Amino acid sequence: MVVHSQSAALDHCSLIKTCKPTTSVFKGIPVVDLRDPEAKNLIVKACEEYGFFKLVNHGVPMEFFTRLEAEALKFFNLPQSDKDKAGPPDPFGYGFKKIGSNGDVGWVEYLLLNTNPQITSLKSLTVFRETPEIFRSAVNDYIQAVKRMTFEVVELLADGLKIEPRDALSRLLRDEKSDSCFRLNHYPPCPELQALGGRNLIGFGEHTDPQIISVLRSNNTSGLQICLRDKTWVSVPPDQTSFFINVGDALQVMTNGRLRSVRHRVLAESMRSRVSMIYFGGPPLSEKIAPLASLMAKGEESLYEEFTWWEYKTSAYKSRLGDYRLGLFEKKTGGAAGQ
């Protein structure tokens with residue numbers, strides 16, 4: 001994804017949406033120390049108020065970050081013809097600009113990889129065939145460490161919510177049929193941004209994540225924004241040593257709307273590339289997604305129709321990125337969770 005002239009660049013991104021610049025840097029992002037005795041309560045509070053928090057003292061070695069980032073950049077800096085051998089995505093594999101199959105585009109190139117060894121993805125195998133063994137090793141080491149940390153986070157969340165049993169969430173991610181995935185995003189610098197009349201170029205359009213939980217780490221380039229409950233978009237200060245945790249749609253349903261999935265997006269930078277790596281923790285395809293019985297008050301009704309993860313995932317893949325996907329699964333009577 002290399003562009004050599006301003007006119008070519010503007011033509012190259014002509015189909016990509018822009019938005020008004022957001023000058024507000026949000027300094028109120030909840031920060032949770034994983035080793036804090038109060039972590040379980042802080043996680044619940046952050047997820048209830050924002051659906052999002054920064055995790056520090058997480059125990060994942062910094063060398064896993066730097067090694068994977070370096071290897072990812074080696075891949076993204078390959079000639080386009082070499083990268084294209086690992087695409088187009090099915091959904092796994094390499095893609096650029098095009099996000100999904102329904103017309104969404106962004107100033108981004110990416111690798112989407114399967115994290116379940118029980119499921120073979122030919123495109124994932126192609127990625128590793130085209131790259132040195134050290135890349136596969138860096139990916140595997142990172143994913144395994146992040147999985148262990150994520151299991152701990154969702155078990156602390158279960159403790160804070162008094163969910164019984166404690167592993168009601170983590171068992172879905174640990175399951176050998178867990179439908180989890182891993183994404184490496186590269187947002188190249190776009191020096192021609194000033195030609196857009198002061199508007200920002202969308203790197204990855206606004207959306208919520210459909211899974212249970214998302215665990216993001218990026219380099220120190222800004223660009224990530226979240227939407228607060230008052231519909232205000234705010235920029236999240238980058239921190240390459242920490243993780244940012246997102247509540248996903250499935251977790252919103254499992255808590256009957258008590259926790260809300262966070263709407264977020266990424267904007268392109270003019271001078272610096274952004275590299276992010278995201279683990280999406282999903283349940284097995286056959287898992288029924290419904291409010292957990294231990295969270296429901298006496299007489300409380302579910303806000304959602306029961307569905308399987310496969311049904312929701314299939315529906316999400318047919319939608320546009322910014323659609324309110326849960327709307328199709330809300331009950332029409334007895335109140336609705338809203339967007």
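Bear in mind that the values here come from a model prediction, so they are computed numbers and not experimental data. Computation of the quantities below employed the complete heavy-atom set of this structure, encompassing side-chain atoms and omitting hydrogens, waters and symmetry-equivalent molecules.
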Chi angles and distances behind the ring pair (Phe, Tyr, Trp, His ring centres under 6.0 Å) call for Tyr50, Phe26
CA-CA 12 Å; Tyr50 298 101; Phe26 190 54; 5.7 Å; yes
Heavy-atom donor-acceptor pair, Asn185 side chain to Ser276 backbone, under 3.5 Å:
no
Give a yes or no on whether the backbone of Ser180 and the side-chain of Thr115 come within a donor-acceptor separation of less than 3.5 Å.
yes
Do NZ/NE/NH1/NH2 and the carboxylate oxygens of Lys288 and Glu311 come within less than 4.0 Å?
no
Show your reasoning for whether side chain to side chain donor-acceptor pair (under 3.5 Å) applies to Glu330 and Tyr324.
CA-CA 11 Å; Glu330 289 176 345; Tyr324 179 52; 2.6 Å; yes
Output yes when Lys177 and Glu287 qualify as a salt bridge under the 4.0 Å nitrogen-oxygen rule, no when they do not.
no
Salt bridge flag under 4.0 Å for residues Lys17 and Glu206
no
Counting heavy atoms not belonging to Met62, are there more than 12 under 6.0 Å from its CE?
yes
Measure from the ring center of Phe65 to the ring center of His58 and say whether it is less than 6.0 Å.
yes
Can you check whether Phe204 and Tyr110 have ring centres sitting under 6.0 Å from each other?
no
Reported OG-to-CD1 distance for the pair Ser242 and Ile29, which is rounded to 0.5 angstrom:
12.0 Å
Is it possible for you to say whether Leu295 and Leu303 belong to one hydrophobic cluster, with membership spreading through side-chain heavy-atom contacts below 4.5 Å?
yes
Linking I/L/V/M/F/W/Y whenever their side-chain heavy atoms sit closer than 4.5 Å, directly or via other members, would Val247 and Phe151 fall into one cluster?
yes
Heavy-atom closest contact (Gly322 atom, Arg263 atom, distance)
O-NH1, 3.0 Å
Nearest 0.5 Å, what's the CH2-CZ distance between Trp107 and Phe96?
10.5 Å
Approximate separation, where rounding is to 0.5 Å, of Met149 CE and Leu34 CG:
7.5 Å
Indicate whether any N or O donor in one side chain lies under 3.5 Å from an N or O acceptor in the other, for Glu164 and Ser294.
no
Just one of Arg183, Lys98, Lys97, Lys83 clears the salt bridge (Lys or Arg N to Asp or Glu O under 4.0 Å) bar with Glu109, so which one?
Lys83
As an exercise, state the distance from CD1 of Ile212 to CZ of Phe280, rounded to the nearest 0.5 Å.
13.5 Å
Once you round to the nearest 0.5 Å, how far does OG of Ser273 lie from CG of Asn77?
8.0 Å
From Ile43 CD1 over to Asp159 CG, what is the distance, rounded to the nearest 0.5 angstrom?
9.5 Å
Is there a path of hydrophobic side-chain contacts, each under 4.5 Å between heavy atoms, that joins Phe64 and Ile143?
yes
Under a 3.5 Å distance rule, please check whether Asp323 uses its side chain to pair with a backbone N or O of Arg325 as donor and acceptor.
no
Close side-chain approach of Leu157 and Leu251, heavy atoms under 4.5 Å:
yes
So do Val234 and Ile226 actually touch side chain to side chain, heavy atoms under 4.5 Å?
yes
Testing the basics here: between Pro189 and Met271, what is the closest heavy-atom pair and its distance to 0.1 Å?
CB-C, 3.5 Å
I'd like to know if the side chain of Arg320 reaches the main chain of Asn102, judged simply by a donor and an acceptor atom lying under 3.5 Å from each other, with no hydrogens or angles considered.
yes
Answer yes or no: is there an ion pair linking Glu48 with Lys45, defined by an N-O contact shorter than 4.0 Å?
no
Between Arg67 and Asp141, does any side-chain N to carboxylate O distance fall below 4.0 Å?
yes
Distance-only, no hydrogens or angles: does the Ser178 side chain make a donor-acceptor pair with backbone N or O of Gly282 under 3.5 Å?
yes
